[in-house]
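Data block below; observations after.
So that the names make sense, note that chain A is the first sequence line, chain B the second, and so on, each numbered from 1. Just so it is clear, the model here is predicted, and its values are computed rather than measured.
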Amino acid sequence: MTAQGAPTGALREITDRALDTAMSMGADYADVRVVRRVEESVTVRTGRVESVASDESEGVGIRVFAYGAWGFAATRRYDADAIDRAADEAVRLARAAAPSLRRRVTLAERPRAYGTYATPVREDPFALPLEAKVADLLDADAALAVPGVVSTMSTYAAQREWKTFAATDGSLTEQVFTHVGAGVEAHAVRGNEHQRRSYPEARGGRWRQAGYEFVRELDLKGNAARCGEEAVALLSAPSCPEGPATVVIDPSQLYLQIHESCGHAAELDRVFGAEASYAGTSFLTTDLLDSGFRYGSDLVTLVADATVPGGPGSFGWDDEGVAAQRTTLVENGILTGYLTSRDTASRVGRPSGGTVRAESWNRLPLVRMTNVNLMPVPGMSLQDIVADTDDGLYLTTNRSWSIDDRRWNFQFGTEIAYEIKGGRLGRILKNPVYSGITPEFWRSCDAVADERSYVMYGNPNCAKGLPPQCVQVGHGCSGARFRGVRMAAGR
Amino acid sequence: MTTERSAELERYAERLLERARRHGATDAEVSVESRLSALTRFADSEIHQSVTEDTVRVNLRYVQGRRYGMAATGRLDDAALDTLVEGAAANAAGTAETDDWPGLPEPGPIPDVTGAYAAATGEATPELRAGIVREVIAAADAAGVGAYGSYATGTVTTAVLNSRGVRAVQTRSDAWLVTVHMSPDGGTGYAETCAVDVADVDGAALGREAAGKARAADNAVVLNPGECPVVLEEYAVADLLAKLGRCGFNARAVQEGQSFAAPGVRVAGDLVTVWDDGTDPAGLPSAFDHEGVGKERVSLIDRGRCVGLVHDTGTAARAGIRSTGHALPAPNPVGPLPTNMFMAPGRLSREELVGRLDRGLLVTRFYYTNPVDPKRAVVTGVTRDGVFLVEHGEIVAPVRDLRFSQSYLDVLRRVSAIGRDRRTVRGWFGGVSVLGDITVPAVLVDGFRFSG
């Protein structure tokens, strides 16, 4: 947690008004977030600037606990009338929900939240001339266009959010978040065959809580030609074979495996059914906690860590005013914890893990992943693991994904596979797809790479809740090997 | 109220256009969308989330010759006007000239659409939503199962104006109720409806449908994967169309060589006819798209053959035709999408469809489906909330959920019968936030491959 000083209290007039009105209308507890968010994005498509866009949004979200129920209302206006109406509406919503209640809601205690947090930024992306960012992207896009590539896309985006949180217990925090993301992708087509290679990945690239220095570190241009060449080469590559295989999974795919089969599965609100009709439930039911349930092999330790500097899901305090922390979800293969809110944590007799966030001012805060990371294991680098593999596949860069509502039965496809023979990477294979059952898969992990290949990936579009909310989450990992994985037909 | 809102947004858009002109734009487009929405969510048969929001989005496309830039804001005050114009102009100035800039759309016909807004939906209260939810829960209670779902109501007023003379304004409403009922014995059931008018949402009926499914799905048996005939209920068919719409009938995907669609190509069985029609009041009608272009009815599949694509201004210019009115909000990396899709009904009842299965499965819906190979429309996903083994035309046992990975085109090619009743559900278009719908019947498919 990065507590960087005392809050200014600049928005106190708004936050006090919201909290006072909510309490006067009958709330037992209330909190309020005032959020301003700006974004910019550039998209270059096949050598031309397709779009340059900027966006801003701001408003107030008021959450109340009244009559034993939650209510939430949001307004884009800051005047006293609008704040009063929103606070009143939030209490009215709670009152309307109260007759249906069958379970008493209790909130895990937390200390008063007070302080500030800001993303460390070396090169402010919003201060950099637009022309420079467009030029960087055009350069990278041009490098993608090797012979045989039919279309390309290169993207850059940045987001900055100012968030003030206040609650009726006197909590007050002010946080400023800066996220940047960038990536390139090349497409090759022949007949009915379409292949894509991307760097660091498609769908907007890799994200970090950082300044433009992160985009420079990615070196899009330096990696673009390889993407183009591999996209074209995949058209002529043999198909990845079906059947059980030893697979070494690169961080560019493993991060999404963690996201879907661990991160979401560990969300305690899902376990309790809060997302059953949309995002789904979880096989990690609470009877498994403290029962020694083996989620993975001894090498598998997964943590939810909101304190990682630069992690896309890092912060000072969550949207309930709980300080950022590191919670072990799986330790040496055994389930040990969940991602929790104040009300879900109280149901398992634990303090909140501080993992509640909302997409923006107009959305109700929910249990969300922070940075859910697979911890590196000292001993072997990722290259050592490949060298230690006699016959297998090296899978890199996610292409497709699907998992059932319990986070149990999954299938992933990657953009490319490299054959491993005698400890060396060999020919490329197209359309690799693997499937499995979550705990069986993680129990089959017999090697996790050390910190030399540890990298933080981010998912800027992790969707959950209704109305759907997307937040930034992070996943650090170093790559790992799994035995007996089912490879399936990818076409 | 909606008339006042429409007029207010149109006046605002006019002022913004004028400021863009004065600033030096050679052309400009303003899209303003005001949304009042509320949602009541329930889990374990009690309301656990209850929310409301009042939001506005203003999008400005500022054109300077062959350059254009975009800016958006969530504010409607005067200061926001200037900030928006300055931002969009700066974005335009920072770009390179665009060789194939199609220009902004010219004014064209906008269809008369009736039944897009219901005052009762616009005036829906937390108490009304909670009342409907209690009906859903009561049906669950009666069956001894738990209810998990949500009931959302909303009103959206949209105004799209541009310097070429486009003036398009409309107000739409929608009510969307979805529930999953979960039995203590492992069964789950699903029911969903969407409508313009809250009066058309029957919570008790939906609750009974989901409860019946959940109880029927109790103590499901494991079935080995493989190929078998299936009856896909409407929820599953809606997913087929949504995925094919995005991967295939999107003109951008075609122009970039990433789609299976081409005129005359057989993509489905003879019985299958699919079109997009934003004006049909059976769905959630819309008169125009996010560029202010009137919605055209576009035939996508006619008796099994691909016959059309949906276009926005950009793809239409490249194809040398006019837009069909299917643009999404800018900036839009996806391309145009069909967001009001229909499949022609057949003649059989649901029971008759099931009766034609000698040995096969009845599938309620698909979940978490994603393209594995978009060009071949290969999609993976799982079944959810009710799969049943059918023998000699009778349901004999519930079945555990199964994963599949196969081409949705192969599924449509093997459609051998179609149900006569259709259902309208909210369309999900791969993360694109647009209000759309899909109206489909159940279908009988001669062979469907399950992988595990």
Report yes or no: do [X] and [Y] form a side-chain donor-acceptor pair below 3.5 Å?
X: B:T52; Y: A:E89; answer: no
X: B:Q258; Y: A:H187; answer: yes
X: B:Y368; Y: A:Q411; answer: no
X: B:R403; Y: A:S402; answer: yes

Criterion salt bridge (Lys or Arg N to Asp or Glu O under 4.0 Å) on B:D373 and A:K430, from CA distance to verdict: CA-CA 11 Å; B:D373 181 349; A:K430 68 183 176 187; over 6 Å; no
One thing to verify: whether [Y] and [X] come together as a salt bridge, which I'm taking to mean a side-chain N less than 4.0 angstrom from a carboxylate O.
X: A:R77; Y: B:D77; answer: no
X: B:E127; Y: A:R95; answer: no
X: A:E193; Y: B:K375; answer: no
X: B:D100; Y: A:R48; answer: yes

Most chain A-contacting option - heavy-atom pairs closer than 4.5 Å, from [options]:
options: B:G452, B:G149, B:A147, B:S407; value: B:G149
options: B:T73, B:V382, B:T383, B:D385; value: B:T73
options: B:V178, B:V133, B:T55; value: B:T55
options: B:S50, B:G131, B:G74, B:G381; value: B:S50
options: B:D141, B:N59, B:L84; value: B:D141
options: B:A72, B:G94, B:A43; value: B:A72

Report which part of [X] has an atom under 4.5 Å of a heavy atom belonging to chain B: side chain, backbone, both, or neither.
X: A:A463; value: neither
X: A:E275; value: both
X: A:P468; value: side chain
X: A:V52; value: both
X: A:Y278; value: both
X: A:T155; value: neither
X: A:S151; value: side chain

Audit row: A:S100, B:E46, side-chain hydrogen bond (donor to acceptor under 3.5 Å, both in side chains) steps and yes/no: CA-CA 5 Å; A:S100 83; B:E46 63 178 8; 5.8 Å; no
Side-chain heavy-atom pair A:R399, B:N370 within 4.5 angstrom cut-off: no
Side chain proximity check, A:V150 to B:E256, heavy atoms < 4.5 angstrom: no
Residue selection (most heavy-atom pairs with chain B, distance under 4.5 Å) from A:S54, A:S400, A:S51, A:A97: A:S54
Residue part contacting chain A, namely of B:T40, when any heavy atom lies under 4.5 Å: neither
Residue pairs passing the salt bridge (charged side-chain N to carboxylate O under 4.0 Å, His left out) test where at least one lies in residues 52-62 of chain B, sequence neighbours excluded: A:D55-B:R57, A:R76-B:D54, A:R363-B:E53, B:E29-B:R61, B:R61-B:E291
More than 12 heavy atoms from other groups under 6.0 Å of CZ on B:R400: no
Evaluation steps, side-chain contact (heavy atoms from CB on, under 4.5 Å), between A:L366 and B:Q49: CA-CA 10 Å; A:L366 303 173; B:Q49 291 172 14; 3.4 Å; yes
Criterion side-chain contact (heavy atoms from CB on, under 4.5 Å) on B:W176 and A:L466, from CA distance to verdict: CA-CA 11 Å; B:W176 179 52; A:L466 285 174; 4.1 Å; yes
Residues of residues 59-71 of chain A near chain B, each having a heavy atom less than 4.5 Å away: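 A:W70, A:G71 fall under the 4.5 Å cut-off.
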